[in-house]
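To find a chain, count down the sequence lines: A is the first, B the second, and so on, and within it residues start at 1.
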2 protein chains.
Amino acid sequence: MIPHLDDHDTRILAELQRDARLSMAELGRRVQLSQPGVTERVRKLESAGVITGYTAKVDLGKLGYGIRALLRLGRAESARVTKVVQQTPEVVNAYNVAGQDNWLLEIAVMDVAHLDAVISKFGQLTEVSTAVILHPVREHQPMLPVPRDDPRTIIRKVSLA
Amino acid sequence: MIPHLDDHDTRILAELQRDARLSMAELGRRVQLSQPGVTERVRKLESAGVITGYTAKVDLGKLGYGIRALLRLGRAESARVTKVVQQTPEVVNAYNVAGQDNWLLEIAVMDVAHLDAVISKFGQLTEVSTAVILHPVREHQPMLPVPRDDPRTIIRKVSLA
DNA sequence: TATGAAATACGGTTTTT
DNA sequence: AAAAACCGTATTTCATA
């Protein structure tokens, strides 16, 4: 289920999360592999499902979306929520979660009137609580494979100094 | 502040959000522009800050992170939260939000013990409520520019049928 | 449109298990 | 011993002026 990823794979994943448009030639230089070698590695990471795709990151503000917000929805039927999400392009991310609130949506809207419209739409399904995003502290943190041999190194990092 | 984006730009943004590794030649074919033409467009979208980067999407489960969760933090000093976030690689996204909870973090951890470790770390700053992600309904929805001439078309789409 | 660089395909070699 | 991974080269495609 979890493929074995060595040091080369880890460095490839780090580089491609930082810049997905690197040429294979340049990527090879950075991870000390030949161009065909690194190409084959990337192809395998893709077919193993470790890399699931490549995407351009966009500035939502520059696209005209002045407000980003998080909506927490109360209990609601899964099929109905899923359907409304699919019909709502303003929803950037949507998760079904365990806990008192069952759904968490991240949305992008133009202005307050637009925000009100989206909230009202989901408000017809269940109760909605809204939190406007003021400032992203961190976004799209590149993630590396968990060390297989000594997982405790991670735990140790987590504890406060 | 908000650059004017025409139909060509919109199609370029759609394609690059779907597959950021498209060659300029292939991208040009898809949006009906010459290779130099589309290259110049993309370069301008980058320098205008509309496209902020390109990233590989990875399957966190395949990297060994079996649990994804959302943490809501209560009131806490901004500098302290920021510092701990920066020292915690398990935090994928972090937002400062308006509302009763001041912070929302998305994290990836190996297992329950690891989850407990991360929660405890932030629990030293303020109260933490945790929601484990059961199932993503939508992720990384490609976003297109808001139509400039008739914003109401968007509002109309939002209202329920 | 032309020139240089990069991607893909192939055969041979080395390393790993 | 077997398998996998890597490299060098040639051809096609692509990027940049």
Side-chain angles (χ1 to χ4, degrees), chain A residues 1-59 62-63 140 142-151 153, chain B residues 3-65 140 142 144-145:
Chain A
M1 199 69 196
I2 297 181
H4 177 254
L5 302 171
D6 65 12
D7 192 53
H8 278 141
D9 294 318
T10 300
R11 294 168 71 182
I12 289 169
L13 288 170
E15 292 292 340
L16 286 180
Q17 285 178 88
R18 267 171 39 95
D19 181 3
R21 280 190 70 82
L22 279 177
S23 71
M24 290 301 175
E26 176 59 24
L27 181 58
R29 276 174 225 121
R30 299 194 184 186
V31 306
Q32 309 275 49
L33 282 174
S34 72
Q35 183 172 321
V38 80
T39 302
E40 180 65 9
R41 289 268 189 163
V42 171
R43 202 194 57 72
K44 282 181 180 166
L45 288 169
E46 289 168 354
S47 58
V50 177
I51 294 175
T52 59
Y54 305 92
T55 191
K57 293 183 286 186
V58 297
D59 183 329
K62 295 244 166 71
L63 296 187
H140 309 301
M143 296 297 284
L144 298 182
V146 168
R148 297 194 127 247
D149 46 354
D150 184 10
T153 57
Chain B
H4 178 253
L5 302 171
D6 65 12
D7 192 54
H8 281 308
D9 294 319
T10 300
R11 294 168 71 182
I12 288 170
L13 287 170
E15 292 292 341
L16 285 181
Q17 284 178 90
R18 268 172 36 96
D19 181 4
R21 281 191 69 82
L22 282 175
S23 71
M24 290 301 173
E26 176 61 24
L27 182 58
R29 278 176 222 120
R30 298 195 185 186
V31 305
Q32 311 276 47
L33 282 174
S34 72
Q35 184 172 320
V38 81
T39 301
E40 180 64 10
R41 291 265 189 166
V42 171
R43 202 194 56 74
K44 281 182 181 167
L45 288 169
E46 289 168 354
S47 57
V50 176
I51 295 175
T52 59
Y54 306 92
T55 190
K57 292 182 286 186
V58 297
D59 182 330
L60 293 174
K62 295 245 165 72
L63 295 188
Y65 300 95
H140 309 300
L144 299 182

With a 4.0 Å limit, can you tell me whether A/R29 has a side-chain N or O closer than that to the phosphate oxygens OP1/OP2 of C/dA6? yes
Check this one for me: any side-chain N or O of A/Q35 less than 4.0 Å away from OP1 or OP2 of C/dA7? yes
When you get a sec, tell me which of [options] is the closest nucleotide to the side chain of [X]?
X	options	value
B/S23	D/dC6, D/dT16, D/dA15	D/dA15
A/A25	D/dA5, C/dA7, D/dG8	C/dA7
A/S34	D/dC7, D/dA17, D/dA5	D/dC7
A/P36	D/dA15, C/dA9, D/dA17	C/dA9

Between [N] ([atom2]) and [X] ([atom1]): distance, integer Å:
X	N	atom1	atom2	answer
B/E46	D/dA15	CD	P	13 Å
A/E40	C/dT13	CD	P	20 Å
A/H8	C/dT15	NE2	P	14 Å
B/L22	C/dA7	CG	P	14 Å
A/L33	C/dT14	CG	C1'	14 Å
A/R43	D/dA4	CZ	C1'	13 Å
B/E26	C/dT8	CD	C1'	16 Å
B/M24	C/dG4	CE	P	22 Å

Throw together a table of side-chain donor-acceptor distances under 3.5 angstrom for residues 45-54 of chain B, partners on residues two or more places apart or in other chains.
residue: B/E46; atom: OE2; partner: B/Y54; partner atom: OH; Å: 2.6
residue: B/S47; atom: OG; partner: B/R43; partner atom: O; Å: 3.2
residue: B/S47; atom: OG; partner: B/K44; partner atom: O; Å: 3.4
residue: B/T52; atom: OG1; partner: A/K57; partner atom: O; Å: 3.3

A/R21 side chain to B/A20 main-chain N or O, any donor-acceptor pair under 3.5 Å? yes
Short side-chain to backbone donor-acceptor contact, B/E26 and B/L22, under 3.5 Å: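 Flag not set: sc B/E26 to bb B/L22 has no pair under 3.5 Å.
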Under 4.0 Å, heavy atoms only, any strand: does A/R21 hit a base, just the sugar-phosphate, or nothing?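 The answer is nothing, as A/R21 stays clear of every strand by at least 4.0 Å.
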Salt-bridge contact A/R11-A/E15 (side-chain N to carboxylate O under 4.0 Å): no
Restricting to salt bridge (charged side-chain N to carboxylate O under 4.0 Å, His left out), what partner residues turn up for A/D6, sequence neighbours left out? A/R41
